[in-house]
There are 2 protein chains.
Amino acid sequence: MHKFSMLDQEQIKKAKLAPAPPPPEEFDPRLEAFVNELIGRVADKWTMVILDVLAEQGEMRFTRLWEMVEGISQKMLTKTVRQMERDGLLTRTVHPVVPPKVEYKLTEAGLSLSAAFCGVWLWAAEHQEQVEEARRKFDESLGKV
Amino acid sequence: MHKFSMLDQEQIKKAKLAPAPPPPEEFDPRLEAFVNELIGRVADKWTMVILDVLAEQGEMRFTRLWEMVEGISQKMLTKTVRQMERDGLLTRTVHPVVPPKVEYKLTEAGLSLSAAFCGVWLWAAEHQEQVEEARRKFDESLGKV
DNA sequence: TGCTATACTTACCCAAAGGATAGTGTAAAA
DNA sequence: TTTTACACTATCCTTTGGGTAAGTATAGCA
């Protein structure tokens, strides 16, 4: 996604901009890029749901978590919690017993991210009907053409 | 994603739960499902960036928007704004002139969603270093095994 | 006469996401 | 002795994401 990895399309875009791109106000392109990458990683459906479940229910074992997250496959659950662990959003505690026991718990960072997503959940709940209505209208206006 | 479309895995999961699943507190499964679907649609990388750009810069034409959204292809931009239009997040005003002129502008719903995402952007900016550090540690601890 | 700008659409293609299914290891319960 | 629980892996296979390139329509400019 780096500038120099872009091919024709991107170069055309850049070339169109004025000769010397003056650095706008306050703006760190590295932070910008990182934030974008992080958002892409974190604003993922399963990540958001897992964050939500763990924030509400606290520490939890794998199978319980699997039951709580509607519709996820084992594979995706494993993969998603691993990513979250890597990003420091949760801790994964393996108890060396048999049968295995692994507990998942949000870190401070995970808890604060889940709090940050709160507004989005609220928005979705509040705008449910409005969105359904908008879709209905849009789809039927397509039919008329 | 409906309950009855689930196959073995899901049935196994359900069967494990106690005989009569008592309806917990306040909880509408239809709302829950819709919110999940909507989150999945809206918590998309490009949607979030476009929301951000339009919220900051106001109304904008296609090419300008394309310049502002780093790294997106024409195809994805078209597709994403169409979805957003369908969901009622933005309006697409076509001026019947030549060369074509199309303006994109957030609706109230779009603006409020972008506001809801504000916390997430902040979180990402604030936790950048922490996340990088966590990844570094995680990756090197893998190397030791 | 031909080029340019704009906002697309269409066709083609590859890579990644993600679902289903089966397998693993081990201790304790039946 | 077989079964079960748990937390995964591994494999296969289909769907989706997403990039590139080329095409479209037309007024105005050179």
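Predicted, not measured: the structure shown is a model, and the values here were computed from it. Within every chain, numbering begins at 1; the chains are lettered A, B, ... in the order of the sequence lines, protein sequences first and strands thereafter.
Going from atom NZ of K105(A) over to atom CG of L111(A) covers 9.0 Å, rounded to the nearest 0.5 Å. With rounding to the nearest 0.5 Å, the separation of CD1 in I72(A) from CH2 in W46(A) is 5.0 Å.
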Dump every N/O contact between nucleotides 8-13 of chain C and the protein below 3.5 Å, one line per pair.
residue, atom, partner, partner atom, Å
dC8(C), OP1, R92(B), NE, 3.4
dC8(C), OP1, R92(B), NH2, 2.8
dC8(C), OP2, Y104(B), OH, 2.4
dC8(C), N4, Q74(B), OE1, 2.7
dT9(C), OP1, R82(B), NH2, 3.1

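Following rounding to the nearest Å, K101(A) (NZ) and dT26(C) (C1') show an atom-to-atom distance of 17 Å. Rounding to whole angstrom units, CZ of residue R41(A) and P of dA16(C) are separated by 14 Å. Protein atom NE2 of H95(B) is 16 Å distant from nucleotide atom C1' of dA5(C), rounded to whole Å. Rounded to whole Å, atom C1' of dT16(D) lies 13 Å from atom CG of D44(B). Taking atom CZ of R64(A) as the reference point, atom C1' of dA7(D) lies 17 Å away to the nearest angstrom. The nearest whole Å value for the distance from the NZ atom in K45(A) to the P atom in dG18(C) is 9 Å. Following rounding to the nearest Å, M60(A) (CE) and dC6(D) (P) show an atom-to-atom distance of 15 Å. Here dT15(D) presents its P atom at 18 Å from CE of M76(A), a figure rounded to the nearest Å.
Looking only at distances, a side-chain donor or acceptor of W123(A) sits under 3.5 Å from a matching main-chain atom of A109(B). Remark: side-chain polar atoms of S112(B) are paired, donor with acceptor, to backbone N or O of E108(B) under 3.5 angstrom.
Phosphate proximity of dA7(C) to R61(B): present, with a side-chain N or O under 4.0 Å from OP1 or OP2. Using a 4.0 Å cut-off, some side-chain N or O of T63(B) falls inside it from OP1 or OP2 of dA7(C).
Two residues are said to be in side-chain contact when any heavy atoms from C-beta on lie closer than 4.5 Å; T78(A) and F62(A) meet this criterion. L89(A) places a side-chain heavy atom less than 4.5 Å from the side chain of V42(A). Counting heavy atoms from C-beta on, the side chains of F117(B) and D52(B) never come closer than 4.5 Å.
Evaluation of the salt bridge (charged side-chain N to carboxylate O under 4.0 Å, His left out) rule for E133(B) yields R136(B) as partners, not counting sequence neighbours.
Nearest to the side-chain atoms of P100(A) among the listed nucleotides dG25(C), dA5(C), dA17(C) stands dG25(C).
Bending across the helix from dT1(C)-dA30(D) to dA30(C)-dT1(D), expressed as the angle between its end axes from five pairs apiece, amounts to 30° (10° rounding).
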Given the rule in the side-chain contact (heavy atoms from CB on, under 4.5 Å) test, do R135(B) and D87(A) qualify, once you have shown the distances and angles that lead to the verdict?
CA-CA 5 Å; R135(B) 286 181 185 174; D87(A) 286 346; 2.6 Å; yes

